[in-house]
Amino acid sequence: CSWPARTCRALRTPKLSPRHRQQHLHPRRSQLQRPICPARHPRPPLPRRRRPRRLLLQRRSCHHGPFFFFFTFGALAASEATDGAKGGAFATYPALFAFAFACFCTAGGACGGGAGGGWASSSPPSSESESSERSAKQDGFCARCWGGWAASSSSSSSWPHALPSAPPPAGHAPTAMASSGSSASMSGPPGASFSHFSMRRSRSMFSENIRKVCPHGVACYRRNPAHNNEFAHPADHDYLQACRLEDRDPEFISIFSLFLWCDKDGSGKAGREEMQNVWPKLQAMSPSIGALDDKLWLVLDDDGNGYVNFSEFAEFTTKNKVNLPLGLDSLLGEAATNSRASLRCGVVNCFCTTFTELRARCKYGATCYQKSPDHKKNFAHPGEPDWEASKSDRYAEMCSCGHKKKLHASSATGSSTVDYPPYWTMTSGGEDEFNSFVPVDVDFLEKLQNLVEKSYSDVTTRDRLRHGGSWMVPRDFRVTSCLRNENSKLWRKYTYAKKNLQKEKELTIQNPEIAAQLPDYSVVDDVVTTKAWEASQGEALDENVNEWYLWHGTSRSAAENICNHDFKLCLAGLATGTLYGRGTYFAESITKADEYARVEDGKFTVLLCRVLGGRVRRCDVREPDAEQLTLDCVEGPYDCVVGDRRKVSGTYREFVIFDAENVYPEYVLSYTRGELYKSPSHPS
């Protein structure tokens, strides 16, 4: 204090000025009789008052403030001059100046937009869509600032983010800056970037939201939100894309990430050349995997369609004991994180098999004398495995192995990764596979007979003449027996494909602008067998992804082989035609499927299969291009072909599938034909 002790009121009356006593130094009471020389005892500097870190993070510097200051001031001044209100214009300037200055002071703290960048280079947007587009592509203004400009220009309401303490809206983040000079940007608004299972064949559309690759990779322990917004890590959805842009070798933490690195175009399938990208890494993880020669490729490509899907890739890596988790927790949900499985670490050479929350480091260290179980549970001590990785505070998202929780995934493998229909007699109690034929009861047999009758038609085709030798059509069909196929391996592959299609459909609904660039994802809800099945209170199907029950005519021995080993697309077209491409053909009418059935021991056989149609490629031309239809489904955006011969020639619709994982042969029906007769559709 520069005042003499005898004249300082704060020292004599402490109750009047407690703040002064806190900010200034005074002599002891024993020195009160001597005056203090201001030259020898200068006033000490005031202590610097730090604002809370939370407030500092909210009030970032924003380049929008100067723009709004000058633009608002100039625009309203010009409007006043145009109106000719000579006296009124100068009367509003003080209030206008105060309003613009408030925008200048508070814009940076409230909007949370760009942290630096260029000035606005053109006029304000004329619409909300134009403003959001310019926000992401050109000016670097966040959507909230442009939205606030639109709101203030269309009404006389107050500025929407004039309060510096107002937090940014949920999901609000800065957009890419055109003048920042950075090749990567932070995450955009919700829906702008997809999860691991993004829309297939369209991942390249999201390159504008790709962040930079974190140089620390799986060893990164930083929790700073700014760091996570700027860098992508091995468990993030855009990590692999970022590695491709920066030409880096990624760190794989799951079987699924390995497959995504092969699937560059996002088609859900990988060819032999693409598979070569990860083959050396697979060989390093499992000594039982040899070179990718022709023999091994036939083992990997289980269905023989020339491509490997994720189900086939997962089966191969599981069989060869690749030491990585599956990585489908976000897709399978509760089935992947059930009570039977724990979270295991996906970092290579990390032997952590169960996620254990990282404990805080005991401040007493080796001198700690506490023996309480709760203390030992919550704090790490010297000599314990997590002592080196532990910090002074506890972090629930960090494992005791030193890796973050998001680098861990379900340890479930084999049959324990998915749930099975509740009416099955076989259920998974572990990782052991099961495969059995279970006879159905009498009530269910009557339900199948009703399904056969409702899907009956008396229309005959040339295929009946080609395979049966006659145009004659049976008057009816009588089901004699039925076996339910309970195969854990085939059901698991089918579940993976179904969950993938469900995720794709969900993202299609959430992102209509991006989905508009892809073919229409329409629902085919007039399938005869599916409608009859639902009418009989059968197992519910997901019509959003075009899940149907369809017939497939075959022989008894072939049906058993299909139920045991799945459909082999390499054999497609050998016994029947390939009008719509080399795929597996199904029918909604039992009469059409009967054209391909074979008699054994006086009975015919047909399969009732669950089929995933997904995005449907409709074809109603008389002479379709089979090769182009195949490419549209194998390498294009479609999942199946529906050939509408009913519209072209008045016969039947045919459903063609080009990936075996989209089909599950659930029931094997044995039946007899009724009397053959000359139907009205007979050519003569």
Side-chain angles (χ1 to χ4, degrees), residues 200-201 267-269 303-307 309 455 461-464 466-467 493-494 497-498 501 519-530 541 545-554 558-559 562 566-597 606-649 651-665:
R200 296 170 303 156
R201 309 165 182 98
S267 62
K269 303 178 181 66
D303 58 3
N305 64 349
Y307 294 88
N309 54 48
S455 63
T461 68
R462 292 183 180 181
D463 287 342
R464 182 169 292 278
R466 183 181 299 112
H467 298 288
K493 294 169 62 177
Y494 180 81
K498 182 177 179 179
L501 290 176
D520 183 34
Y521 203 139
S522 58
V523 175
V524 182
D525 56 358
D526 58 344
V527 179
V528 176
T529 45
T530 303
L541 303 176
V545 295
N546 289 321
E547 186 180 16
W548 311 305
Y549 265 117
L550 296 174
W551 303 107
H552 179 80
T554 184
I562 290 172
D566 210 349
F567 287 93
K568 301 298 181 182
L569 295 178
C570 57
L571 305 177
L574 297 181
T576 59
T578 57
L579 180 64
Y580 296 103
R582 297 180 64 86
T584 307
Y585 286 68
F586 299 88
E588 59 184 329
S589 172
I590 184 64
T591 311
K592 177 63 177 175
D594 176 67
E595 296 177 352
Y596 310 97
V606 68
L607 289 171
L608 182 60
C609 305
R610 289 178 181 248
V611 177
L612 294 171
R615 197 183 301 271
V616 177
R617 171 70 163 88
R618 300 173 185 267
C619 182
D620 55 1
V621 297
R622 185 170 294 275
E623 296 182 0
D625 187 348
E627 183 177 354
Q628 184 59 44
L629 292 175
T630 303
L631 291 177
D632 289 345
C633 294
V634 175
E635 299 181 2
Y638 297 99
D639 298 291
C640 79
V641 172
V642 176
D644 199 348
R645 308 301 291 179
R646 183 177 60 184
K647 180 179 179 180
V648 175
S649 56
T651 55
Y652 301 98
R653 289 190 299 185
E654 298 186 44
F655 302 77
V656 189
I657 304 299
F658 298 89
D659 206 332
E661 67 173 353
N662 289 351
V663 182
Y664 181 77

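The structure presented is a predicted model; accordingly, all values stated were derived computationally and were not measured.
Between I562 and P665, the closest heavy-atom pair is CG2-CG, 4.0 Å. Across every non-hydrogen atom of T578 and A626, the tightest pair is O-CB, 3.7 Å. Between V523 and R618, the closest heavy-atom pair is O-NH2, 4.5 Å. Nearest heavy atoms, T554 versus A559: CG2-CB, 3.8 Å. Taking both residues in full, the closest heavy atoms of C640 and G613 are given as SG-O, 3.4 Å, listed atom of the first, atom of the second, then distance.
Taking F658 as the reference, nothing meets the ring-ring contact (aromatic ring centres under 6.0 Å, His included) condition, with sequence neighbours excluded. D520 pairs by the salt bridge (Lys or Arg N to Asp or Glu O under 4.0 Å) definition with nothing, not counting sequence neighbours. Judged as a ring-ring contact (aromatic ring centres under 6.0 Å, His included), and not counting sequence neighbours, Y580 has no contacts. With sequence neighbours excluded, the residues that form a side-chain contact (heavy atoms from CB on, under 4.5 Å) with V528 are S455, E588. Qualifying salt bridge (Lys or Arg N to Asp or Glu O under 4.0 Å) partners for D625, counting only residues two or more places apart in sequence or in other chains: none. With sequence neighbours left out, the ring-ring contact (aromatic ring centres under 6.0 Å, His included) criterion links W548 to F655.
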For side chain to side chain contact (heavy atoms under 4.5 Å, CB included), just list the numbers for E627 and T630, CA-CA rounded to whole Å, side-chain angles, deciding distance to a tenth of an Å, and then say yes or no.
CA-CA 5 Å; E627 183 177 354; T630 303; 5.8 Å; no
The test is side chain to side chain contact (heavy atoms under 4.5 Å, CB included); show your working for T584 and V663 and say whether it passes.
CA-CA 9 Å; T584 307; V663 182; 5.7 Å; no
Go through L550 and C609 one step at a time and tell me if the side chain to side chain contact (heavy atoms under 4.5 Å, CB included) criterion holds.
CA-CA 5 Å; L550 296 174; C609 305; 5.7 Å; no
Side chain to side chain contact (heavy atoms under 4.5 Å, CB included), that's the test. Do T651 and K592 meet it? Break it down for me.
CA-CA 9 Å; T651 55; K592 177 63 177 175; over 6 Å; no
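From K647, atom NZ reaches atom SG of C619 across 10.5 Å, with rounding to the nearest 0.5 Å. Atom OH of Y664 sits about 9.5 Å away from atom OH of Y549, to the nearest 0.5 Å. A distance of 7.0 Å separates CG in D463 from CD in E654, rounded to the nearest 0.5 Å. To the nearest 0.5 Å, atom CG of residue L612 and atom CG of residue D659 are 10.0 Å apart.
Using a 4.5 Å heavy-atom cutoff, the side chains of L608 and W551 are in contact. With a 4.5 Å cut-off on side-chain heavy atoms, V606 and Y596 do not count as touching. Contact annotation: the side chain of L629 never approaches that of Y638 to less than 4.5 Å [non-hydrogen atoms, C-beta and beyond]. Looking only at side-chain heavy atoms (C-beta outward), N305 and R582 stay at 4.5 Å or farther from each other. Looking only at side-chain heavy atoms (C-beta outward), L569 and Y307 stay at 4.5 Å or farther from each other.
No donor-acceptor pair under 3.5 Å is formed between the side chain of R610 and the backbone N or O of E547. Of the possible polar contacts, one joining the R645 side chain to the R622 backbone as a donor-acceptor pair under 3.5 Å is found. Using a distance-only test at 3.5 Å, with no hydrogens or angles considered, no donor-acceptor pair links the side chain of D620 to the main chain of D644. Of the possible polar contacts, one joining the H552 side chain to the Y585 backbone as a donor-acceptor pair under 3.5 Å is found. When atom types are taken as modelled, the side chain of D639 and the backbone of R615 share a donor-acceptor pair closer than 3.5 angstrom.
At a threshold of 4.0 Å, the pair D303-K493 does not count as salt-bridged, since none of the basic side-chain nitrogens sits closer than that to a carboxylate oxygen.
Atom CD of Q628 has more than 12 neighbouring heavy atoms from other residues, nucleotides or ligands inside a 6.0 Å radius.
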